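Convention: sequence-line order gives letters A, B, ...; per-chain numbering from 1. These numbers come from a predicted model, not from an experiment. Hydrogens, waters and symmetry mates are skipped; everything else that's a heavy atom, side chains included, is used.
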Amino acid sequence: MEGKIWRYHFTTFLGYAWEWKEKYGGIILQQLRKLGCSLDWDRTSFTMDPDYYQSVIKVFNDLYAKGHIYRGKRMINWDVRAKTALSDEEVIYKEVQSKLYYIRYRIDTGSESQHEYITVATVRPETIMGDTAICVNPNDERFKHLHGKFAYVPLINRRIPIIPDEYVEMDFGTGALKVTPAHDINDYQLGQKYQLEIIDTMNDDGTMSDAAQIFIGEDRFDVRKKIIPELEAAGNLVKIEDYTNQVGFSERTDAVVESRLSLQWWVSMKAISEPALKAVNDDEINFHPAKFKNLYRHWMENIKDWCISRQLWWGHRIPAYYLEDGSFEVAHSLEEAFEKFKSQNSKIKIEDIKQDEDCLDTWFSSWLWPFEVFKGLSNPDNAEVKYYYPTNTLVTAPEIIFFWVARMIMAGYEYQGKKPFSDVYFTGIVRDKQGRKMSKSLGNSPDLLGLIDQYGADAVRFGIMIASPAGNDLLFDESSLEQGRNFNNKLWNALKLLKMWEARQSDLGTDLQNDFAINWFENRLNTVKAEVEILMQQFRLSEALKIIYSLVWDDFCSWYLEWIKPGFEQPMDSAVYQRTVTYFEELMQLLHPFVPFITEEIYHLLGEQTEDLCVKQNQPINSANESITAAGELLKNVISALRDARNKNQLKPKETIKLHIQTENVSEYQAIEKILAKQVNAEKTSFTTEAIANSIVVAIEKDKFFIETEKVLDATTLKAELLKDLEYQTKFLQSVTIKLSNERFVQNAKPEVVELERKKQADAAARIKTIEESLGNLN
RNA sequence: GGGAGCAUAGCUCAGCUGGUUUAGAGCAUCUGCCUUACAAGCAGAGGGUCCGCGGUUCGAACCCGUGUGCUCCCA
């Protein structure tokens, strides 16, 4: 009856499971589309699809035939009420008030008259009949004399060894541990280590088995009550203490979960993991970040066999078929199993055969992914698998490096004779602001579609990518999405400005200032393109995005566009305009992988395009000219310093100044004179050979800038500023000088490093001279 | 218990051959601006015993040792 109910539930459950898959699988795909993931949507694949399913079964049969799959015992969670195994997720741990029983075991002293005991503490006295050893810490002085001796299990008088192992905590209980390999996971492992006997004293309904010798057929909790008076009567009970411990309960029936040994299916990993270890060791396959290589190597070198049977209702059912007597065959189908059985015994009927109730570990299907999505196993050597396999890059989470990545590599070599991919990019885990994992129970998962509605898909992508260096967890914070949204807004506004200029074009001829700006930005663009190229090859996506962000916002918008901006309602030179459009297009192409929607849109709004950005190939990168870049940097420094000086002297932005430049490189400054004037709101600029009285002095390298203004200047403020700068420069010069006067430094350091220090020294000295002159000028 | 990693500005993090760094970014903070693309903005500024201690080196945020605190994976 119960079986029928379960079967009914099972069928209903399967229906729901498929419904769930359709609904939520669909939602996930929908989210990916909304996020702008550039994927081949006609090729979605599912491990439960019929072809894929058959391949999983095929692999099981194949590995079994090769001797890589075997049956072996394993400790599982057992629900005595439902008489079923439970997965770890189905066990709920609760804190329970229990008793800790101190029970003494008589030691085999070799003499009947000489009595000695060892006392153990346990919360489960009903399991003592399954004891096959007592374990003590080897460093525990109290028990050193007992190592290698034997003790007798109370009531049944079985003789068991006393073994030393570091596993035992000296401080807990009495420092001596009873070892029951059949009923406790830790004891089981100890048992494996010392090859202890395993005595299963419990039936599948939680009653004592024949092996228990006493209380046979009685429930484990009744026995726990009844055994205490008997132990007391026999003189084995020392004391009872109150104790609080964690006990596992079945999620399904609320019964106390028992650990129980059960026959499970295993994959022997040694042989099939070897090529996979080698591939990563020899950099056939590269991990990003590389730190995961060590982790992988360590795991692969100490690899344990893989338990592939799971007590689950949904998945690929294990293709093992049983007869009533427990004999079994592994086969591709019931019919094939029937044939196999029939060849041994012609009387077997197909109704007598029962397929294994367990399902395969989900990774046992997933590990075939890289080739079976192209039907590389169900339809070997087809055109697609030949074209796509090995694939390029796997993007996944570091937490499944063993579950999935390692096993895909193994399966790749085992079934295709080749690696499945060349690079593996590990993303971080998204956590909330407090660093907690996203989870349903905490309710802290962001609603992706909601965020996309609020900020836009590009902003969400930007926010996540700017904050997620490879392999590091990412703390989800909406402020980075806001940054993304603001950035997108900036792009729109830049477009708006260009569109304004487009309408105001005119052929104005060449201009020194514009040429400077154009050359400089082209250099910046090429520099950044080259940097991005390297960063992308290294999978350092957030770094790449950061430098593009800064190129767009700072260099393009804040500097370049301002430098070429015509005066109020003035025409825009069409050649300059065209160059600017080209730059903007290139910026959009650089940004496109990060923010695909807005960049594609702007790209097409900038002009007639022959193709879409999402398929447009990158052009070769031109090399940058360093002296042009340096000239641009100098200009930026001068502008910032002059603006700072204006601010510090409380000049309103609207107040104009007269700027006097004292420099040895007049021609260099002539090329940027107008830009400079525009950027610091100077009504007039001129070159001078001597200091200008009653002006604000700004020193940059060897050059001096005098700001002449209508405003009455506060000499004390000016002086204070200069003195502050002087102090800084003096200290700096001092540290550089000390360094340079160190003979060992000059001898050992690379020549270019020494040269650089000399330049720093000279610059600082010149700067100090300038400041001192300016100070003299103030008095 | 085994393994891996992290500790840098108020917050989140870069800083990947030790020397263009008396340490950088974003956000936050402060000051001044409704400047004719953009206030979701512009122009500036302040802010750090690079976790503690010891060592290697001409030179350490970076390499080594050690202590402390935290995180993750596996059991």
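When distances are taken from the side chain of A:Lys565 to each of B:A14, B:G19, B:A37, the shortest belongs to B:A37. Listed nucleotides B:C58, B:A37, B:G3 differ in distance to A:His298; the shortest reach to its side chain belongs to B:G3. The listed nucleotides are B:U35, B:C74, B:G2; the one nearest the side chain of A:Phe403 is B:C74. The side chain of A:Asn489 approaches B:A40 more closely than any other nucleotide in the set B:A4, B:A40, B:G19. Looking at the side chain of A:Lys652, the nearest of the listed nucleotides B:G3, B:C33, B:A43 is B:C33. For A:Lys490, the listed nucleotide lying nearest its side chain is B:A37; candidates were B:U35, B:A37, B:C58.
When both distances must be under 3.5 Å, the Watson-Crick or G-U wobble mate of B:G46 does not exist. In this structure, B:C70 and B:G5 make a Watson-Crick or G-U wobble pair, each of the two defining distances being under 3.5 angstrom.
Positionally, the nearest nucleotide of RNA chain B for A:Leu756 lies more toward the 5' end than for the other of A:Leu756 and A:Phe402.
Between A:Lys636 and A:Asp555 there is a salt bridge, since at least one side-chain N of the basic residue sits less than 4.0 Å from a carboxylate O of the acidic one. By the 4.0 Å N-to-carboxylate-O rule, A:Lys652 lies too far from A:Glu655 to be salt-bridged with it. With respect to the salt-bridge test (charged N to carboxylate O, under 4.0 angstrom), the residues A:Asp644 and A:Lys648 qualify.
Heavy atoms of A:Asn742 sit under 4.0 angstrom from primed sugar atoms or phosphate atoms, though from no base atom. Within the nucleic acid shown, A:Leu295 comes within 4.0 Å of sugar-phosphate atoms alone, with no base atom in reach, counting heavy atoms only. Looking at heavy-atom distances under 4.0 Å, A:Ser558 makes contact with sugar-phosphate atoms alone, never a base.
Within 3.5 Å, a donor on the side chain of A:Glu562 pairs with an acceptor on the base of B:A37, or the reverse.
A:Thr396 and A:Tyr425 share no donor-acceptor pair across their side chains, judged by distance under 3.5 Å alone. Side-chain contact, A:Glu683 with A:Thr656: a donor N or O sits under 3.5 Å from an acceptor N or O. In this model, a donor atom of one side chain and an acceptor atom of the other lie less than 3.5 Å apart for A:Trp563 and A:Gln679.
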Every protein N/O within reach of nucleotides 60-62 of chain B N/O, cut-off under 3.5 Å:
none

Hey, what are the protein-to-nucleotides 22-26 of chain B N/O distances that come in under 3.5 Å?
| from | atom 1 | to | atom 2 | distance (Å) |
| --- | --- | --- | --- | --- |
| B:U22 | O4 | A:Tyr728 | O | 3.4 |
| B:U22 | O4 | A:Tyr728 | OH | 3.3 |
| B:G26 | O2' | A:Gln483 | OE1 | 2.7 |
| B:G26 | O2' | A:Gln483 | NE2 | 3.2 |

Shorter than 3.5 Å, N or O on both sides, protein versus nucleotides 44-47 of chain B: list them out with atom names.
| from | atom 1 | to | atom 2 | distance (Å) |
| --- | --- | --- | --- | --- |
| B:G44 | OP1 | A:Ser640 | OG | 3.0 |
| B:G44 | OP1 | A:Arg643 | NH1 | 3.2 |
| B:G44 | O2' | A:Asp644 | OD1 | 3.1 |
| B:G44 | O2' | A:Asn647 | ND2 | 3.4 |

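A:Asn625 contributes a side-chain N or O that, together with a main-chain N or O of A:Ser627, makes up a donor-acceptor pair within less than 3.5 Å.
To the nearest angstrom, P of B:U20 lies 13 Å from CG of A:Leu740.
Comparing B:C34 with B:G24, their C1' atoms sit 33 Å apart, to the nearest whole Å. A gap of 46 Å separates the P atoms of B:A43 and B:G69, to the nearest Å.
In the displayed structure, A:Glu743 atom CD is contacted under 6.0 Å by at most 12 heavy atoms of other residues, nucleotides or ligands.
A cation-pi arrangement is found for A:Lys739 relative to A:Phe745, the charged atom lying closer than 6.0 Å to the ring centre and inside a 45° cone about the ring normal.
The aromatic rings of A:Phe462 and A:Phe487 lie tilted to each other, with the angle between the two planes from 30° to 60°.
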